[in-house]
Amino acid sequence: MLDKRLIRDNPEAIRRAIETRGYTMDVDQIIALDKELLENLQAADKLKHERNVKSEEIGNRKRAGKSTKELHEHLKKISLEIKTLEAKDKNLSEKLNELLLLLPNIPHESVPVGNGPEDNVVVRIHGEIPEQFFDIAPHWEIGERIGVLDLEAGRKISGRGFIVFRKEGALLCRALVNLMLDTHREKGYEEVLIPYMVNRDAMIGTGQLPKLSDDMYLCEVDDLFLIPTSEVPITNIHRDTFIALEDLPLKHTAFSPCFRREAGSYGADTRGLLRVHQFDKVEIVKIVHPDTSYEELESLVLDASAILDALELPYRVVELCTADLGFAAAKCYDLEVYAPGIKKWLEVSSCSNFEAFQARRANIKLKKTPGEKHRFAHTLNGSGLALPRIIAAIFEFHQTPTGRVKIPKRLVPYMHGVEYLG
RNA sequence: GGAGAGGUGGCCGAGUUGGCUUAAGGCAGCCGCCUGCUAAGCGGUUGUGGGGGUAAAACUUCACCGGGGGUUCGAAUCCCCCCCUCUCCGCCA
């Protein structure tokens with residue numbers, strides 16, 4: 001959510017920001033509503049003031065034993081007027097709030113302006129992509145051949161987009177999660193274990209609702225959503241709180257499964273592990289002081305990419321352009337790992353700075369010292385990392401000419417000594 | 001699912017015969033004094049959000065005691081509905 005005052009004072013900047021994101025939203029309607037609401041509010045405030053003053057007078061007169069009759073009648077009329085104005089206020093506020101919740105964040109000034117993924121900027125590439133001497137099978141082929149991946153079972157049990165890992169494949173998932181959590185913990189992230197179902201307030205807090213409700217699984221009888229990312233529960237730990245400056249930055253890491261309906265993406269990447277409805281992910285979240293959030297974003301990217309280094313996978317850091325930016329993000333870097341079998345860069349992490357966008361929705365404030373105004377914290381998060389695509393990359397990039405998969409050194413202890421799959 | 005208790009400011013916690021209670025008291029925070037030893041004492045100060053006002057303040061005003069309705073000139077206090085938390089019982093892991 002954006003600051004209402006920013007919209008009021010800077011409508012042109014908001015219009016431009018929305019446009020560069022490729023959104024169409026009626027900013028004028030918001031501004032008009034806001035203005036009407038304000039005028040209504042002022043009228044109501046005036047009457048309420050009168051009511052307060054005169055009601056007090058009634059109290060005084062009563063104690064003094066004087067008549068209050070004509071005041072009663074006058075105030076009754078005023079109260080009625082107030083009721084009318086309040087009804088109008090409620091109506092307008094609801095409308096305005098609905099619109100405000102649908103307004104995306106404003107891109108940071110450093111974000112490249114663009115029209116789509118093609119305008120994203122590759123910031124840097126780590127590692128080398130060697131010349132291929134042999135045909136590398138796509139990950140689903142090798143996974144099923146060596147018996148660690150059972151896509152057919154997943155389809156049978158739940159449907160397309162659900163995966164069964166078997167044997168060392170299942171072990172690999174567990175190993176990856178442990179490696180990731182341990183690595184982040186060493187860097188000062190507090191490990192947390194969070195609910196996988198959350199309520200509406202939590203979803204609104206981090207920006208998934210109301211806009212993206214179709215992308216999520218809803219358990220209707222309880223009105224609970226399956227989390228699309230652990231960002232939601234983690235960030236919402238701090239919803240409606242004041243954070244002391246000396247406690248900043250707050251850093252959390254958590255493992256969780258993530259559930260995504262991904263409506264509207266039919267047809268794209270339907271094979272293998274690339275686009276699934278349920279996947280495991282380790283997330284890192286930071287809640288920081290507004291003055292340092294962009295430095296914190298850079299270090300968050302490093303923390304996430306440390307995992308890719310550990311897994312000996314080549315990757316690139318991509319800065320998203322305005323049109324490709326997520327709804328709540330002000331700036332975002334994607335980490336993309338190279339999968340030579342399908343010859344694609346796979347997004348395995350999105351590292352975003354949301355500035356105060358989520359904090360304003362979730363009411364996460366910093367404790368102030370007397371005299372100064374409250375400020376909202378800045379929130380950041382990134383995957384560190386998402387498993388299926390990482391596994392796809394491992395299967396393909398660490399594939400040997402004999403069709404086996406070499407386990408990266410750092411992972412071997414977590415694999416109970418298993419050095420090769422297959 | 002059944003029975004009971006309760007939801008008040010950053011935290012704890014008073015206040016329910018309706019009217020100087022935005023809300024005592026404590027803690028914490030801040031400022032100052034005192035004190036010479038990681039502490040204590042004393043005095044002052046500090047809720048949140050919005051509007052108006054100002055260069056910024058000062059100032060002024062409205063709202064807020066889980067949420068939503070209602071009664072009333074006036075509600076933290078009375079009435080109705082909903083939500084949540086806790087305790088006990090049941091059921092399940």
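Order of the sequence lines sets the chain letters (A, B, ...), proteins ahead of strands, with each chain counted from 1. Note that this is a predicted model, so its numbers are computed, not measured.
Nucleotides B:C12 and B:G19 place their P atoms 27 Å apart, quoted to the nearest Å. With both ends at atom P, the span from B:G2 to B:A63 equals 39 Å, rounded to whole Å. A gap of 37 Å separates the C1' atoms of B:C73 and B:A57, to the nearest Å. Rounded to whole Å, the separation between the C1' atoms of B:A28 and B:C89 comes to 40 Å. Separating the P atom of B:C88 from that of B:U77 is a span of 30 Å, rounded to the nearest Å. Of the C1' atoms belonging to B:G66 and B:A56, the separation is 38 Å, rounded to the nearest Å. For B:U35 and B:U22, the C1' atoms lie 37 Å apart once the distance is rounded to whole Å.
Near RNA chain B, meaning a heavy atom under 4.0 Å away, the residues from residues 44-52 of chain A are A:Asp45, A:Lys48, A:His49, A:Arg51, A:Asn52. If you check residues 29-43 of chain A against RNA chain B, the residues with a heavy atom closer than 4.0 Å are A:Leu38, A:Leu41, A:Gln42, listed by number. The stretch residues 75-82 of chain A touches RNA chain B through A:Leu75, A:Lys76, A:Ser79, each having a heavy atom under 4.0 angstrom from the strand.
For residues 24-34 of chain A, every residue pair satisfying the salt bridge (charged side-chain N to carboxylate O under 4.0 Å, His left out) rule, not counting sequence neighbours, is listed here: A:Arg8-A:Asp34, A:Arg15-A:Asp28. Identified under the salt bridge (charged side-chain N to carboxylate O under 4.0 Å, His left out) test for residues 281-294 of chain A, with sequence neighbours left out: A:Lys281-A:Glu283, A:Lys286-A:Glu296, A:Asp291-A:Arg375.
Ion pairing between A:Glu336 and A:Lys344 fails under the 4.0 Å rule for side-chain N and carboxylate O. In this structure, A:Lys83 does not pair ionically with A:Glu86, as no charged nitrogen and carboxylate oxygen lie closer than 4.0 Å. A salt bridge does not link A:Glu141 with A:Arg145: every distance from a Lys NZ or Arg NE/NH1/NH2 to an Asp or Glu carboxylate oxygen is 4.0 Å or more.
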For nucleotides 16-23 of chain B, give me every protein contact, N/O to N/O, under 3.5 Å, one pair per line with atom names.
{"unit_1": "B:G19", "atom_1": "O6", "unit_2": "A:Lys62", "atom_2": "NZ", "d": "3.4"}
{"unit_1": "B:G19", "atom_1": "N2", "unit_2": "A:Ser55", "atom_2": "O", "d": "2.9"}

Protein and nucleotides 66-70 of chain B: nitrogen or oxygen contacts under 3.5 angstrom:
none

Strictly under 3.5 Å: I want the nitrogen or oxygen pairs between protein and nucleotides 54-59 of chain B, one per line.
none

Name the pairs: protein N/O against N/O of nucleotides 91-93 of chain B, kept only if under 3.5 Å.
none

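Residues that satisfy the salt bridge (Lys or Arg N to Asp or Glu O under 4.0 Å) test with A:Glu57, not counting sequence neighbours, are A:Arg61. For A:Asp303, the salt bridge (Lys or Arg N to Asp or Glu O under 4.0 Å) partners two or more places apart in sequence, or in a different chain, are A:Lys187. Residues passing the side chain to side chain donor-acceptor pair (under 3.5 Å) test with A:Asp150, sequence neighbours excluded: A:Arg166.
Map A:Phe242 and A:His72 each onto its nearest nucleotide of RNA chain B; the residue landing nearer the 5' end is A:Phe242. RNA chain B is contacted by both A:Asp3 and A:Glu86; A:Asp3 maps to the nucleotide lying nearer its 5′ end (nearest heavy atom per residue).
No donor-acceptor pair closer than 3.5 Å links the side chain of A:Asp89 to the backbone N or O of A:Asn40.
For A:Tyr196 and A:Phe259, the distance between ring centers is not under 6.0 angstrom.
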